[in-house]
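Remarks on the structure that follows.
Both ligands and their constituent atoms are indexed starting at 1 by order of listing.
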Amino acid sequence: MAQLSDDCFAFGGALMSVEDAQALIAARVPAATGEDIVPLAAARGRVLARDLVAPIPLPPFFNAAVDGWAFRHSDLDAGAPTRLRETGRVPAGHAAALPVGGQEALRVFTGAPMPPGTDTCVMQEDVQRDGDTVLVPPGLKRGANARPAGEDVALGSTALAAGRVLGPAEIGLAAALGQARLAVRPLPRVGVFSTGDELAPPGAPLRAAQTHDSNRFTLLAMLAGLPCVASDLGILPDDAVRTAAALAEAARDHDLLLTSGGVSTGEEDHVRAAIEAGGSLVFWRLAVKPGRPAAMGVLPKAGGDFRAGGTPVVGLPGNPVAAVVCFLHLARPLLLRLAGAADRPLPRYGAVAGFDYRKKAGRREYVRVTLRTEGGATRAEKFPREGAGLLSSLTQSDGFAELPEEVTRVAPGDAVTVLPFAGML
Ligand SMILES: Nc1nc2c(c(=O)[nH]1)N[C@H]1C(S)=C(S)[C@@H](COP(=O)(O)OP(=O)(O)OC[C@H]3O[C@@H](n4cnc5c(N)ncnc54)[C@H](O)[C@@H]3O)O[C@H]1N2
Ligand code: MOO
């Protein structure tokens, strides 16, 4: 992180693009090193530290895909049913000791090893049984209803690459490959502050001029789905000295700090000043709506591991929708890097605009939309109001339409890119 502190961008000048801010984060935030070994049952949400190279093939052996009979395909008559004699039985979990002879079949069950010499299976529903013989219809392809060793994962192939965030599918695959433990990256420690004299925690009565603090809870809820250990650091008052002291203190034992509020240009906006006083500002003010006042900087930290050199601080804007937008586009990629995770772009889908909208060139906008799929096309309707303070707009819409910098108008029927909230919020 030390390199970050040498960079100063766009202070008070031109707004930085979201892309440039992200590139700066990707280039300068060091990816995680270090490993923890965790049992598989505790691996969910962790980041794989080393490639998982398949030590066995999957499936581990050639096996039957159906309950039925296994035989040699070359015994079948191509144009008429073939009568085969059942000479034995192989249940799943038992080695097939019996080789198959000419015009013979072995009774097999799904998952049982294919008996030596067999290459094809027929499903029991497709045969006629008669005493110890079965009548196999014509038309089966060689290899039908049987699964070769390694058809799923080849021996020695990279089943999961380092940097993969482990979810149910990855954990299942690791289990199938026989891994009882996995080497994962340490979880970054993320501290979350809200700022502002006007904020009262939920549960406390509102005094005059107060509003409940919601950002801290939105942010902690989003962090719960990311590889980190998040801590709730409460509400900071609008006080320069206390803000600077609290951030400096928290920087010592966290790997990332998130604040919301107090980053725009008012005299009561102390977050940026606190970063500048104790560390250094990397960028401030982005060409994005909502979210323009977002800031990022670095505060000093002592230590000898991958976190040494500094703790990044992302100053998110106070308006709740702006805080969400900036979290997703700045804090999330930054956190994923600190966690050692491979880049996981936010989901983006194509939709057709059902609305007319004008915007300024030179900034990216995230417009809340509802989605409706009809006749194979997904239509995005704009949420009728635009305020960045409208929290209910997030519960009443389905995603953000991402309107690029160069666009100045969206007309009904135009193609738009939508980032759905599902999986993100
Ligand atoms: N003169 C200017 N005023 C503003 C500008 C500007 O460029 N010049 N930018 C506007 C934009 S855009 C935004 S976004 C806001 C963000 O400013 P701050 O990050 O300094 O945020 P605050 O002023 O502290 O709060 C803004 C708004 O959000 C509410 N808030 C703050 N924290 C929370 C929280 N934890 N939970 C719920 N609500 C929160 C706060 O009460 C304010 O209503 O500035 C504009 N002004
Ligand atoms: O960018 Mo502010 O974020 O419009 O609300």
Is a side-chain donor-acceptor pair under 3.5 Å present for Asp67 with Thr110?
->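 Yes, a side-chain donor-acceptor pair sits under 3.5 Å.
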Without hydrogens or angle criteria, can the side chains of Arg107 and Gln124 be said to hold a donor-acceptor pair below 3.5 Å?
-> yes
Could you find the nearest protein heavy atom to [atom] and give me its residue, atom name and distance?
| atom | result |
| --- | --- |
| atom 46 (N) of ligand 1 | Ser264 OG, 4.2 Å |
| atom 2 (Mo) of ligand 2 | Gly291 N, 3.7 Å |
| atom 14 (S) of ligand 1 | Asn319 ND2, 3.4 Å |
| atom 6 (C) of ligand 1 | Arg292 NH2, 3.7 Å |

Is there a polar contact, in the sense of an N or O pair closer than 3.5 Å, between [X] and ligand 1?
| X | answer |
| --- | --- |
| Ser214 | yes |
| Asn215 | yes |
| Glu198 | yes |
| Gly262 | yes |
| Gly291 | no |

Against heavy atoms of Asn319, which atoms of ligand 2 measure under 4.0 Å?
->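 Near Asn319, meaning under 4.0 Å from one of its heavy atoms, ligand 2 has 5 (O).
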Ligand-residue contact atoms, ligand 2 with Ala388, heavy atoms, under 4.0 Å =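 In order of numbering, the contacting atoms are 5 (O).
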Counting heavy atoms only, which part of [X] comes closer than 4.0 Å to ligand 1: side chain, backbone, both or neither?
| X | value |
| --- | --- |
| Leu199 | side chain |
| Asp269 | side chain |
| Ser194 | side chain |

So does [X] pair up with [Y], basic N to acidic O under 4.0 Å?
| X | Y | value |
| --- | --- | --- |
| Arg189 | Asp253 | no |
| Arg372 | Asp398 | no |
| Lys359 | Glu365 | no |
| Glu374 | Arg379 | no |
| Lys382 | Asp356 | no |

Ligand-side contact atoms (ligand 1) for residue partner Asp213, heavy atom cut-off under 4.0 Å =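 Those qualifying, in numeric order: 34 (C), 35 (N), 36 (N).
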Ignoring hydrogens, just give me the one of [options] whose non-hydrogen atom is nearest [atom].
| atom | options | value |
| --- | --- | --- |
| atom 4 (O) of ligand 2 | Ala322, Ala294, Pro290 | Pro290 |
| atom 1 (N) of ligand 1 | Val321, Thr265, Val192 | Thr265 |
| atom 19 (O) of ligand 1 | Ala209, Gly389, Gly318, Gly387 | Gly318 |

Is [X] close enough to touch ligand 1? Criterion: a residue heavy atom under 4.0 Å from a ligand atom.
| X | result |
| --- | --- |
| Ser260 | yes |
| Pro293 | yes |
| Gly196 | no |
| Lys289 | no |

Where do Leu316 and Leu219 land on the side chain to side chain contact (heavy atoms under 4.5 Å, CB included) test, with the steps shown first?
-> CA-CA 10 Å; Leu316 302 163; Leu219 294 171; 3.7 Å; yes
Can you list the steps and then say if Met296 with Met16 is a side chain to side chain contact (heavy atoms under 4.5 Å, CB included)?
-> CA-CA 12 Å; Met296 188 212 153; Met16 183 181 278; over 6 Å; no
Please determine which of Leu187, Leu182, Ile171, Val165 meets the side chain to side chain contact (heavy atoms under 4.5 Å, CB included) test together with Arg46.
-> Leu187
Leu233 and side chain to side chain contact (heavy atoms under 4.5 Å, CB included): which partner among Leu257, Leu258, Val192?
-> Leu257
Is the CZ atom of Arg181 crowded by more than 12 outside heavy atoms at less than 6.0 Å?
->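 Not buried by this count: 12 neighbours or fewer within 6.0 Å.
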Does CD belonging to Glu125 count more than 12 external heavy atoms closer than 6.0 Å?
->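 Yes.
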Check: Arg292 N/O within less than 3.5 Å of ligand 2 N/O =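 Between Arg292 and ligand 2, an N or O pair is found under 3.5 Å apart.
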Check: Val288 N/O within less than 3.5 Å of ligand 2 N/O = no
Look up atom 3 (N) of ligand 1 and tell me if a protein heavy atom lies less than 4.0 Å from it?
-> no
Indicate whether atom 10 (C) of ligand 1 is within a distance of less than 4.0 angstrom of some protein heavy atom.
-> no
Using the ring of each side chain (for Trp, its six-membered ring), is Tyr366 parallel, tilted or perpendicular to Phe400, with breaks at 30° and 60°?
-> perpendicular
Run the side chain to side chain contact (heavy atoms under 4.5 Å, CB included) check on Leu58 and Leu173 step by step: do they pass?
-> CA-CA 9 Å; Leu58 278 186; Leu173 186 57; 3.8 Å; yes
